[in-house]
Amino acid sequence: MTRLVNVSNRVAQPRGDTPAGGLAVGVLAALREHGGVWFGWNGRVVSGEPAGPKLEEDGNVTYATIELSERAFELYYNGFSNTSLWPINHYLLGFFRYERREFDEYRRVNSLFARKLIPLLQPDDLIWVHDYHLIPLASELRRAGVENPIGFFLHTPFPAVEALRVLPVYEQLLRAMGAYDVVGFHTPRDLRCFNDALESIGGADHAAVDRRAPGKPHPLHTDVFPIGIDVEGCQQLAMQTGEQDNVQRMVHHLHGRQLLIGVDRLDYSKGLEERFRAFSRLLEDYPAIRNQVSYIQIAPTSRAGVRAYDDIREALERSAGMINGRFADIDWVPIRYLNRGFDRGTLMAFFRETAVGLVTPLRDGMNLVAKEFVAAQDPEDPGMLVLSRLAGAAHELTDAVLVNPYDIDGVAEAMHQALNMPLGERQERHQSMLDVLRRNDITAWRTRFVDALLSAREQRKAG
Ligand code: GDG
C-alpha cells in the first residue's frame, strides 16, 4: 500500500492544539485527509542521548517523533536553520550570521533524521520532506540506499542568487537538492530564482546537480505548488465559535468600533514594527478615525531564546506603549498587542468580526493567515484584506488591497481605503478571492504534490 511519509523539523503534538506555524497547519490538514506518517522532532531538548522515534497513532495519522540534543537545538535549529537560512530566504540579510560548526551540526542532524527514519520506511512509501531545515535529508537517505521517491517542498521564499551567494555553503546545499525527485515552491518567482541558482553553478538543465547527487541518476522535477487552506473548515470554525465567551467579550469591548486585526508568529519577517508605525501614521493623518477603530495584534512567541526574536518582542511592546500613550483616550485604547496564542476557532471567529485584516510581511513564502482571513468572512458583509506584495499570497489574492510593507504612508492609506470601502466593492473582491481559494485549496496542494511523487515512482520503475 502506498503511504505518504511526511518529514519536517517539528511535528505537531497528536491531539494537542495545532501550534502557530504555517507548516504544521498545512501538513496536518493534508495528512488528516489522506492519512500517513509524520516524522520529526517532538519539541523536546535533552542533555543526554536523544530518544526516538516514538510512535503514536491518532486516527489515520501515525506520529513518529524524536528528541534533539541541546547541541543540535542550539547549532542546527537556532543556529544554521534560523540564523543563516531563514534570514537569507527572506532577504533580511541584516539578521544573517554564519558559523561553520552550526553548518556541521546541521549536516549531522540531517544524517540523524535519516538514520532514525530508515527503519520505519516501506518499499512503496512516498517521502515528502518539508522546509529549509532538512535540505540535505534526501542525499543522506540516498547514501544509505533508499530508492523511494522523495520530494522537497520549501515553505519559505527561495531567494535570488545574489542573496543566496552570501551563504558560504550554498553550492553544497543546491547540489544536495539534486537528490530529490521533486522540488516544489509556492510561487513562479521562487522557482525562477531556484533555476537561476542552478544555472549559476552550471546546472541549468538540472544535469549537474543530478549527476553529483548520491543514488541512482534520476530526473529532477521542479514545479510551483502554492499551498492552500481548508476553506470550508475555516468558514465553519468561524461560524461555530462566534458565540464563545472570549469572542463575545472581544466584540463587546469594541463598542461598535471597526476592528483591524493582525495574527502572526512573532517574527521579524512579518513586518510588525513597520505595521505598528503604519497604524500610528493612520491615526496621525486621519484624525477623524481616532476612537472609531481598534487594532488587535495577536503575536504568539516563536523561537524564543534567539536574540533577534527576543529583541523584536521588546521593540513591539515599546512601540505599542508609545502609540497608546500618544493617542489613547479615557474610553479608548488604540492597539491591543497580545503576545500569546489563541485556539484556531477563536482566531477564525475574530476574523469574521474584523473590518480590516492586516497581513504585511516584509517577505513571506505564502502566508496562510491571509487566506484564512478571507475564508472566515461573512460573504454578505466581508472584511477587507490589506496584503503585502512581498508575500507569496499576493500572487493569488490580487483583489486584496496590495501594499509595499516598507511604505509606511502607503500602508496607512491602504488601511484607510479598506476601512472605508463600499459594501458592493468589498463583496465583489471577497467573492473573487474566495473563488481563488476554492480552486486551489489544501486538497489540491497535497494531491498535486503526491501526483508528482507518483510520476517520479513510475519513472524510477521505468529505469
Ligand atoms: C511558513 C511560511 C507559509 C498563528 N497564530 C496562531 C495560530 N497561527 C496560525 C495561523 C496560520 C499559521 O499559524 C501561520 O502560517 P503563516 O503561513 O501565516 O506563517 P508561517 O508560520 O511563517 O509559515 C509561510 C507557511 O509556512 C505554509 O507553507 O505560508 O510563508 O513562513 O495557520 O492561523 N494558530 C493558533 N493560535 C495562534 O495564536 N492556533
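One-based numbering, in listed order, for ligands and for the atoms of each.
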### Query
Is the closest basic N to carboxylate O distance between Asp181 and Arg457 below 4.0 Å?
no
### Thr2 side chain near Leu126 side chain, heavy-atom distance below 4.5 Å
yes
### Query
Going by heavy atoms, is Asp364 under 4.0 Å from ligand 1?
yes
### Task
Using a strict 4.0 Å threshold on nitrogen-to-oxygen distance, state whether Glu274 and Arg277 make a salt bridge.
no
### Task
Please identify each residue that fulfils salt bridge (charged side-chain N to carboxylate O under 4.0 Å, His left out) with Asp310, with sequence neighbours left out.
none
### Atoms of ligand 1, numbered as shown, that sit under 4.0 Å from any heavy atom of Lys270
19 (O), 20 (P), 22 (O)
### Task
Decide whether an N or O pair under 3.5 Å exists between Trp86 and ligand 1.
no
#### Entry: Close-contact set for ligand 1 against Val263 heavy atoms, below 4.0 Å
4 (C), 5 (N)
### Task
Before accepting this row, confirm whether a basic side-chain N of the pair Arg344/Glu372 lies closer than 4.0 Å to the acidic partner's carboxylate O.
yes
### Summary
Check: of Leu368, Leu23, Val359, min heavy-atom distance to atom 18 (O) of ligand 1 comes from Leu368
### Query
Do any N/O atoms on Arg265 end up under 3.5 angstrom from N/O atoms on ligand 1?
yes
### Message
Could you work out, with salt bridge (charged side-chain N to carboxylate O under 4.0 Å, His left out) as the rule, every residue matching Arg249, not counting sequence neighbours?
### Response
Asp245
### Query
Do any nitrogen or oxygen atoms of Met348 lie less than 3.5 angstrom from nitrogen or oxygen atoms of ligand 1?
no
### Message
Regarding Asn78 and Arg303, do their side chains bring together a donor and an acceptor under 3.5 Å, going by distance alone?
### Response
no
### Query
In terms of atom number and element, which parts of ligand 1 are under 4.0 angstrom from non-hydrogen atoms of Phe342?
35 (C), 36 (N), 37 (C), 38 (O), 39 (N)
#### Entry: Proximal ligand 1 atoms for Glu372, defined as those under 4.0 Å from one of its heavy atoms
10 (C), 11 (C), 32 (O), 33 (O)
#### Entry: Under 4.0 Å to a heavy atom of His186 - the qualifying atoms of ligand 1, by number
3 (C), 28 (O)
### Task
Decide, yes or no, whether a salt bridge links Asp311 with Arg307 under the criterion of side-chain N to carboxylate O below 4.0 Å.
yes
### Query
Relative to the heavy atoms of Leu347, which atoms of ligand 1 are at a distance of less than 4.0 Å?
6 (C), 7 (C), 34 (N), 35 (C), 36 (N), 37 (C)
### Query
Can you tell me if Phe351 has a non-hydrogen atom under 4.0 Å from ligand 1?
no
### Message
Under a plain distance cut-off of 3.5 Å, with no hydrogens placed, do Tyr132 and Asn82 share a side-chain donor-acceptor pair?
### Response
yes
### Query
For ligand 1, which atoms have a heavy atom of His155 less than 4.0 angstrom away?
2 (C), 3 (C), 24 (C), 26 (O), 27 (C), 28 (O), 30 (O)
### Query
Any idea which atoms of ligand 1 are less than 4.0 Å away from a heavy-atom of Gly365?
30 (O)
